[in-house]
Amino acid sequence: MDSCSPSFFRRDTVTVARALLGARLVRDPENTPRRVGRIVETEAYTQDDPAFHGWNLYDEETGTVRREGRAGDLFAESGRGYVYLIYGMHWLLNVVTEPEGTGGAVLVRAVAPVEGTETMRARRGASHRDVNLTNGPGKLSEAFDVDDAFHGEMLTGSPLYLVKGEIDADETIATSSRIGLSRGVDRPWRFFIEGHPYVSPATPSDQTQ
DNA sequence: ACGAGGATGCTCT
DNA sequence: GAGCATCCTCGTG
């Protein structure tokens, strides 16, 4: 196993977001079958980005950072989880990037099931078609039992970690504006495997009106 | 197929 | 009080 180490994540956030396409997300708790998903969609968030949760903590003029609250953890050591609740309901999984003191994170937006699909079905409910198990950031968190417990934890080993992977020869990486934003819509920082069935069906933020 | 609307809680104003 | 890195259900065509 070539699991992603802190140094893998201690790089430019956009580079990490691209490099995570084809990587595996592994959920390996005790007493539960292992779940593995292949990452097919990510988004990058950087400290000078108005959509970044820690945007108001970073002063571009002086280069100083106020590491306060949950968003302050976006400036922590790379390889840690940044997990937060959106719309009062869904946990979203990010991995902290860049050197400590520099803000950045990659949102894992969609994976394709590789192993443990039965467990994912049990978590998501039987009424769903398989494509709906993990084709969105809230959905994959439910399928993989990701919640607040992983916020601030190192994602470099059990029970939740990432393993390096590649894009197949017949696959291409596509880019778009990110999903669900009102600010920072001009930054083309959503990356996905073009045409893959497990890419989320959402519309990029610069194509809505 | 697609669009509208509701659920629900944390953070900042 | 508003906005939010979402998802699901229920309308209409």
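Remember, predicted model here, so these are calculated numbers, not experimental data. Heavy atoms only: backbone and side chains are in, while hydrogens, waters and symmetry mates are out.
Residue Leu107(A) is in base contact, counting any heavy-atom pair closer than 4.0 Å across all strands shown. Asn94(A) comes within 4.0 angstrom of a nucleotide base, judged by non-hydrogen atoms across all strands. Residue contacts shown for Arg183(A) are absent, as no nucleic acid heavy atom lies under 4.0 Å away.
Between the side chains of Glu43(A) and Tyr45(A), at least one donor N or O lies within less than 3.5 Å of an accepting N or O. For the residue pair Gln47(A)/Thr102(A), the side-chain donor-acceptor check at 3.5 Å is not satisfied.
Only Tyr84(A), Ile86(A), Tyr87(A), His90(A), Leu92(A), listed by number, bring a heavy atom of residues 65-92 of chain A to less than 4.0 angstrom from any atom of DNA chain C.
In terms of modelled atom types and a separation under 3.5 Å, the side chain of Glu41(A) and the main chain of Val108(A) share no donor-acceptor contact. The backbone N or O of Ala143(A) sits less than 3.5 Å from a side-chain atom of Arg35(A), completing a donor-acceptor pair.
One distance of note links CD of Glu61(A) with OH of Tyr58(A); it measures 9.5 Å at 0.5 Å rounding.
Computed from coordinates, the His151(A) NE2 to dT11(B) C1' distance equals 14 Å when rounded to whole Å.
Both Arg124(A) and Ile179(A) sit near DNA chain C, but only Ile179(A) has its closest nucleotide nearer the 5' end.
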- Task: Represent DNA chain C in dot-bracket notation, 5' to 3'. Only Watson-Crick or G-U wobble pairs with both distances under 3.5 Å count; pseudoknot-style crossings use [ ] and interstrand partners use |.
- Result: ||||.|||||||.
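At least one side-chain heavy atom of Lys139(A) sits under 4.5 Å from a side-chain heavy atom of Asn132(A). In this structure, Leu20(A) and Val106(A) have side chains that are in contact, with non-hydrogen atoms separated by less than 4.5 Å. A 4.5 Å side-chain heavy-atom check between Ile179(A) and Arg190(A) finds at least one atom pair inside the cut-off.
Put simply, chain A comes within 4.0 Å of DNA chain C, heavy atom to any atom, from dC4(C) to dC8(C), going 5' to 3'.
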- Show the numbers, then the answer: is there a side chain to side chain donor-acceptor pair (under 3.5 Å) between Thr42(A) and Arg109(A)? CA-CA 5 Å; Thr42(A) 61; Arg109(A) 279 199 56 90; over 6 Å; no
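A salt bridge links Asp148(A) to Arg70(A): at least one charged side-chain nitrogen sits closer than 4.0 Å to a carboxylate oxygen.
The aromatic ring centres of His151(A) and Tyr82(A) sit less than 6.0 Å apart.
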